[in-house]
Trainee: 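Below you will find the structure I want to go over with you.
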Amino acid sequence: MDLLEAVKLRHSVRRYTDKPIDGEVRERLEEYIADCNKRSGLSMQLVLDEPRAFDCLMARYGKFYGVKNYIALVGKNTRDLFEKCGYYGEKIVLYAQTLGLNTCWVGATFSKVKDAFSLGQGERLALVIAIGYGETQGKPHISKKFDEVTDDVQNVPGWFVDGVKCALLAPTALNQQRFKFSVNGRNVYAKKGRGPFVKTDLGIVKYHFELGAGKENFDWLFY
């Protein structure tokens, strides 16, 4: 399974089996997280066999069941922390899908267990990603239409269309899809809307756009 196949197959999963993440799958996942940390400057951590974070009223409200493993998205408390966590967290999510694992982004419906992960000076926990072997493979979400998330899209290049279509398959908080893309030559603009976790969502959809469009075809310009 390549990453574009993972984009199409990956859906949020909230109920997990007792099957542990171990052996080669664990090794490859930890290596990939370490590489993402090196590239991003984040301190993302794989937390295994730790059920306390999802043994709370908020998690039950979020309909989580059997979550004992998660990725703690930790980094310096800077303005771009949540967008960076979205971008690199989604890289891990899709890589995990290629390993046969399931995931779910979790922004609020969990309990912070302070001794389950480490925080360096000036760092904070932004959010977590539940991970493991799901009871099911989840269900696709309803997406907005192309023209609902683009500006000035007359005579756009094919790679831009492919990038937006891939972005529309990305997970966003409450499936809100509050983002916009526009293009001028090679320059692509990505803009977040308003709502919960829109900075994280922007990072996630930017990574999806890159996968669909091909990074060699365009340059990012930021609002």
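Just so it is clear, the structure is predicted and the values come from calculations on it, not from any experiment.
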Trainee: Does NZ or CZ of Arg186 come closer than 6.0 Å to the centre of the six-membered ring of Phe218, within 45° of the ring's axis?
Mentor: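 Judged by the rule, Arg186 and Phe218 form no cation-pi pair.
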Trainee: Roughly how far, to the nearest 0.5 Å, is the OH atom of Tyr16 from the CG atom of Leu101?
Mentor: 9.0 Å
Trainee: Among Lys192, Lys199, Lys206, find the one that has a salt bridge (charged side-chain N to carboxylate O under 4.0 Å, His left out) with Glu83.
Mentor: Lys206
Trainee: Using side chain to side chain contact (heavy atoms under 4.5 Å, CB included), reason through Thr136 and Arg15 one step at a time and then give a plain yes or no.
Mentor: CA-CA 8 Å; Thr136 70; Arg15 297 177 67 89; over 6 Å; no
Trainee: Is the distance between the ring centroids of Trp105 and Tyr70 less than 6.0 Å?
Mentor: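 Distance test on ring centres: not under 6.0 Å, no.
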Trainee: Taking the side chain as every heavy atom from C-beta outward, state whether Arg60 and Asp55 have any atom pair closer than 4.5 Å.
Mentor: yes
Trainee: Give the minimum heavy-atom separation between Gly107 and Leu127, together with the two atoms involved.
Mentor: CA-CB, 4.0 Å
Trainee: Find out whether the Lys NZ or Arg CZ of Lys19 is both under 6.0 angstrom from the six-membered ring centre of Tyr133 and within 45° of the ring's axis.
Mentor: yes
Trainee: Find the distance between CG (Asp2) and CD (Gln97) and round it off to the nearest 0.5 Å.
Mentor: 12.0 Å
Trainee: Could you tell me whether a side-chain N or O of Asp35 sits under 3.5 Å from a main-chain N or O of Glu31, the two making a donor and an acceptor?
Mentor: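 No; judged by distance alone, with no hydrogens or angles, the pair does not exist.
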Trainee: Atom CG of Leu73 and atom CD1 of Ile129: how far apart are they, to the nearest 0.5 Å?
Mentor: 4.5 Å
Trainee: Would a 4.5 Å heavy-atom cut-off, applied to side chains only, mark Thr150 and Lys180 as touching?
Mentor: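 Side chain of Thr150 against side chain of Lys180, heavy atoms only: no contact under 4.5 Å found.
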Trainee: What heavy-atom pair brings Ala72 and Val47 nearest, and what distance separates the two atoms?
Mentor: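 Smallest interatomic distance, heavy atoms only, reads CB-CG2, 4.4 Å.
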Trainee: Run through Leu211, Asp162, Leu169, Leu9 and flag the one making a side-chain contact (heavy atoms from CB on, under 4.5 Å) with Leu4.
Mentor: Leu211
Trainee: Please name the pair of heavy atoms, one in Ala170 and one in Val205, separated by the smallest distance, quoted to 0.1 Å.
Mentor: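 Answer, listing the atom of Ala170 first, then Val205: CB-CG1, 3.9 Å.
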Trainee: Return yes if some donor-acceptor pair links the side-chain N/O of Lys84 with the main-chain N/O of Ser40 below 3.5 Å, else return no.
Mentor: yes
Trainee: Can you measure from CZ (Phe54) to SG (Cys104) and round to the nearest 0.5 angstrom?
Mentor: 7.5 Å
Trainee: Has the side chain of Thr172 got a donor or acceptor atom that lies under 3.5 Å from a matching backbone atom of Gln177?
Mentor: yes
Trainee: Can you tell me how far CD1 of Ile92 sits from CD1 of Ile131, rounded to the nearest 0.5 angstrom?
Mentor: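 Interatomic distance, Ile131 CD1 to Ile92 CD1, rounded to 0.5 Å: 8.0 Å.
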Trainee: Might you point out which heavy atoms bring Tyr87 and Lys215 nearest each other, and give the distance in Å?
Mentor: OH-NZ, 4.3 Å
Trainee: Only one of His208, His141, His11 clears side-chain contact (heavy atoms from CB on, under 4.5 Å) with Pro171; which?
Mentor: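 Passing option: His208.
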Trainee: Is the side chain of Gln45 donor-acceptor paired with the backbone N or O of Ser118 at a distance under 3.5 Å, no angle test?
Mentor: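 Yes.
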Trainee: With distance as the sole criterion, is a donor-acceptor pair present between the side chains of Arg10 and Thr103 under 3.5 Å?
Mentor: yes
Trainee: For the atom pair CE (Met44) and CZ (Phe117), what is the distance rounded to the nearest 0.5 Å?
Mentor: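 Spacing of CE (Met44) from CZ (Phe117) equals 14.5 Å.
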Trainee: Give a yes or no on whether Met1 and Val93 share a hydrophobic cluster (residues Ile, Leu, Val, Met, Phe, Trp, Tyr; joining criterion: side-chain heavy atoms under 4.5 Å apart).
Mentor: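 No, Met1 does not connect to Val93 through the hydrophobic network.
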Trainee: Whether the Asn77 and Glu123 side chains hold a donor-acceptor pair (N or O, under 3.5 Å, no angle test) is what I'd like checked.
Mentor: no
Trainee: Determine, step by step, whether Phe110 and Phe64 satisfy the side chain to side chain contact (heavy atoms under 4.5 Å, CB included) criterion, reporting the C-alpha distance in whole Å, the side-chain angles of both residues, the deciding distance to 0.1 Å, and the verdict.
Mentor: CA-CA 9 Å; Phe110 71 98; Phe64 287 99; over 6 Å; no
Trainee: Between Ser43 and Val74 (side chain of the first, backbone of the second, donor and acceptor by atom type, cut-off under 3.5 Å), is there such a pair?
Mentor: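 The answer is no, because no donor-acceptor pair under 3.5 Å joins these two groups.
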Trainee: Would you say Asn69 and Glu50 are linked by a side-chain donor-acceptor pair, where the criterion is simply a distance under 3.5 Å?
Mentor: no
Trainee: Can you tell if the side chain of Glu30 reaches within under 4.5 Å of the side chain of Tyr32, non-hydrogen atoms only?
Mentor: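 Counting from C-beta outward, Glu30 and Tyr32 never come under 4.5 Å.
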Trainee: Closer than 4.0 angstrom, basic N to acidic O: yes or no for Asp18 and Lys68?
Mentor: yes
Trainee: Does Lys63 offer a backbone N or O that forms a donor-acceptor pair with the side chain of Arg14 under 3.5 Å?
Mentor: no
Trainee: With distance as the sole test, does Glu135 use its side chain to make a donor-acceptor pair with the main-chain N or O of Gly66 at under 3.5 Å?
Mentor: no
Trainee: Check whether any side-chain N or O of Asn184 sits under 3.5 Å from a backbone N or O of Asn187 as a donor-acceptor pair, and report yes or no.
Mentor: no
Trainee: Taking the ring centre of each residue, are Phe181 and Phe179 less than 6.0 Å apart?
Mentor: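 For Phe181 and Phe179, the ring centres are under 6.0 Å apart.
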